[in-house]
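Worksheet: one structure, shown below.
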Amino acid sequence: MTTSQNVIPMDKLWQDVGIEKAADDPALMIDVAGFEGPLDLLLHLARSQKVDLSRISVLALAEQYLLFVESARRVRIELAADYLVMAAWLAYLKSRLLIPKQAKDDDGPSGEEMAATLAFRLKRLEAMRDAASRLVNRNRLGRDIFSRGAPEHIPHRSQSAFDASLYDLLSAYANLRQRTAVTQVTIERRKVWSLVDARELLTRMLGEIGDWTALQHYLLPYLAPEDRVTATASAFAASLELVREGRLEIRQDGAFQPIYLRKGEGRPVVPSAASIAEGSR
Amino acid sequence: MSGSNEHLIENDDDIVSEPLTLTEACRIAEALVFASAEPVPESFLAERLPLGSDIPAIMAALAELYAPRGVNLIRTGDRWAFRTAADLSFVIRKEEGEVKKLSRAALEVLAIIAYHQPVTRAEIEEIRGVQTSRGTLDVLMEAGWVRFRGRRRSPGRPVTLGTTPDFLDHFGLEELRDLPGLEELKAAGLLSGRIPSGFSIPIPIGADELSEEEDPITQLDLEELGLLAPSGGDEE
Amino acid sequence: MSGSNEHLIENDDDIVSEPLTLTEACRIAEALVFASAEPVPESFLAERLPLGSDIPAIMAALAELYAPRGVNLIRTGDRWAFRTAADLSFVIRKEEGEVKKLSRAALEVLAIIAYHQPVTRAEIEEIRGVQTSRGTLDVLMEAGWVRFRGRRRSPGRPVTLGTTPDFLDHFGLEELRDLPGLEELKAAGLLSGRIPSGFSIPIPIGADELSEEEDPITQLDLEELGLLAPSGGDEE
């Protein structure tokens with residue numbers, strides 16, 4: 001791992017942006033805020049290919065996305081981890097698409113299959129989006145159609161003379177418990193990679209990779225140097241947890257060698273006497 | 001007219017012997033539903049109408065009667081309600097926005113819940129490719145459109161989400177099957193978690209280069225796409 | 001009916017190129033009166049209907065149309081409103097009273113009983129941090145959502161409380177375990193992320209079986225606790 005000497009902490013960079021940086025840098029701003037996550041961004045990029053989603057060039061799409069992340073990094077914009085993981089995944093996908101097809105002896109999905117999965121997800125997201133806009137444009141109660149303005153009675157189903165919804169109940173309970181909980185919580189400064197984040201992201205990525213993969217290899221280039229340590233640590237800790245649950249398998253060929261991951265068989269390693277013996281198959 | 005109605009109020013046993021005319025039953029059902037702002041469940045009507053009333057027939061007759069009018073009888077789920085006709089929206093439309101404005105994320109989550117229900121939070125996030133920010137589900141539940149449905153019988157027993165009867169009412173749907181485009185989406189396999197067989201995409205090029213129809217993306221393109229805001233420095 | 005009525009509107013400024021028929025004008029007036037929370041003055045109708053509409057004629061036609069129906073269009077002064085036909089007022093049983101909203105306190109107590117059952121009154125107070133008034137529990141019992149489950153095998157043998165099948169029914173739950181847990185409440189935005197690490201939400205113990213620490217409650221217990229009037233006397 002290379003450690004660059006001239007790294008300025010993120011915080012400082014951010015503070016500087018407004019003041020002196022504005023002069024020398026073109027001060028580009030990347031408006032990631034307008035997007036609902038990486039899949040949304042991909043969908044947006046895909047639309048700009050102006051083809052039907054099922055005929056899209058996934059490779060070109062991956063290129064565009066990676067380029068976007070590159071530009072973001074160039075202007076030192078901190079992207080949410082979600083975006084970086086997608087970048088890593090796409091880089092992996094790209095490599096799978098570009099290497100000559102291997103004999104069908106590996107058990108993971110081929111690059112083509114992964115590409116199809118991506119296209120499917122984009123198409124599904126777009127379909128939901130269309131559905132949402134059709135829904136919201138229907139004749140809606142209180143906007144286009146109206147109920148009786150001066151009702152004369154309220155029909156109630158059965159005996160109960162009281163009204164309360166499950167939502168009322170749950171929010172009352174949540175508020176109460178929250179109120180009475182001892183709240184001397186010190187809020188930790190949010191790290192880029194919490195254990196929970198790492199876990200979430202690993203799960204999402206590995207869902208579609210069946211083969212042994214050195215994820216770090218794809219992921220690290222997209223992380224700011226000062227985040228690499230925390231990312232590596234969190235991802236490693238999270239992966240151990242996932243291994244224990246049987247959702248992940250892990251392999252390392254030797255000390256300091258790359259760590260390979262792949263999706264587990266899904267059988268949790270239950271810490272009961274019977275399965276401990278069986279677990280080490 | 002009054003003579004025949006007097007028996008309605010009296011002892012139940014009399015009613016059975018003297019069946020109500022369809023017209024009279026219609027009047028009662030009409031009054032019950034008209035008087036309420038909320039949709040009235042059929043079970044409620046059954047309680048109030050004489051034993052043995054053919055409620056579906058009564059409601060169908062009423063709905064037909066009101067179909068051309070300025071106020072229509074509509075069904076939503078197993079409930080009935082009178083609502084102003086949709087084509088008159090322009091005259092009645094109220095100034096104050098009474099309809100809650102939903103964020104794009106909330107709307108998307110609502111659609112996913114409606115079309116995929118029962119659906120877990122993890123599945124919603126899988127479809128959207130992003131974590132659901134806090135407050136999104138909250139808004140939908142508070143609006144009374146989304147509810148906890150139960151638990152999935154799968155490892156971890158995650159809670160499932162679905163829509164409420166008020167959701168149907170608000171969006172003017174008789175039932176979930178009337179969700180726009182539901183059949184097509186189902187047929188296209190877009191409502192399942194799995195890629196439908198036969199869904200494949202051609203991989204057009206095997207190389208790193210772009211095809212002839214593609215231009216490399218440039219900084220300018222990114223600006224144009226709204227991904228990069230053009231520099232200007234006016235902003236703080 | 002068309003010929004004479006077609007010229008209801010002499011639209012000076014030609015906004016409506018085609019004159020409204022009486023039927024159309026009736027539809028609009030009907031919808032306006034229906035949707036209004038207050039009786040509608042004729043002047044308001046005149047504002048919304050095309051200029052020159054013969055409001056009295058329109059309203060007379062509508063009133064006549066509704067006269068034999070379960071709902072009538074009635075006039076008070078120069079205002080119009082829909083009302084249930086007088087001879088059907090019995091179906092709108094006024095004496096039922098309105099459905100009451102549960103108070104905040106009652107909701108809290110109910111939720112605690114649901115999640116923490118079997119739970120004693122002292123435990124409820126400990127969780128809430130305030131005393132629970134007798135009336136609050138009474139309301140929940142009256143609603144039919146809460147019941148005495150048994151008696152705790154601990155000093156004083158306090159009565160334990162739990163929910164009823166009606167509770168599940170009303171809140172649309174199949175079983176108590178369908179109540180969302182900590183993670184799910186957080187994800188739904190109901191609990192904030194800033195809760196102490198020791199914070200937990202119990203999994204309610206099914207209503208049917210008593211837990212190991214509970215004895216069944218008997219008639220005698222209830223009487224002794226003053227929760228039931230001693231048997232013997234005929235109650236009304």
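- Of all the heavy atoms in B/Gly70 and C/Ala31, the pair that sits closest is O-CB, 3.6 Å.
- In this structure, chain C has a heavy atom under 4.5 Å from the side chain of B/Arg147, while its backbone stays farther away.
- With chain C as the partner, the residue from B/Pro68, B/Ala29, B/Ala35 showing the most heavy-atom pairs under 4.5 Å is B/Pro68.
- Around atom CD1 of C/Ile203, no more than 12 heavy atoms belonging to other residues, nucleotides or ligands sit under 6.0 Å away.
- Atom CD of residue B/Glu24 and atom CG of residue C/Leu88 lie 6.5 Å apart, to the nearest 0.5 angstrom.
- Counting heavy atoms from C-beta on, the side chains of B/Thr84 and C/Phe34 come closer than 4.5 Å.
- The shortest side-chain heavy-atom distance between C/Asp178 and B/Val159 does not fall under the 4.5 Å cut-off.
- The two residues C/Ala187 and B/Arg121 make their nearest non-hydrogen contact at CB-NE, 3.0 Å.
- A 6.0 Å sphere centred on CZ of B/Arg104 holds more than 12 heavy atoms belonging to other residues, nucleotides or ligands.
- Environment of CD in C/Glu175: crowded, with over 12 heavy atoms of neighbouring residues, nucleotides or ligands closer than 6.0 Å.
- We find that C/Glu184 and B/Arg157 are not joined by a salt bridge, their nearest charged nitrogen and carboxylate oxygen being 4.0 Å or further apart.
- Contact detail for B/Val91 and C/Leu32: the closest heavy-atom pair is O-CD2, 4.1 Å.
- Within the 4.5 angstrom heavy-atom criterion, only side-chain atoms of B/Leu62, from C-beta onward, approach chain C.
- Contact annotation for C/Leu179: only backbone heavy atoms (N, CA, C, O) come within less than 4.5 Å of a heavy atom of chain B.
- The contact between B/Asp87 and chain C is made entirely by side chain atoms (from C-beta outward), counting heavy-atom distances below 4.5 Å.
- With a 4.5 Å cut-off on non-hydrogen atoms, B/Leu140 does not touch chain C at all.
- Of the two parts of C/Arg177, the backbone and the side chain both hold a non-hydrogen atom closer than 4.5 Å to a non-hydrogen atom of chain B.
- The two residues B/Glu30 and C/Arg69 have their closest heavy-atom pair at OE2-NE, 2.6 Å.
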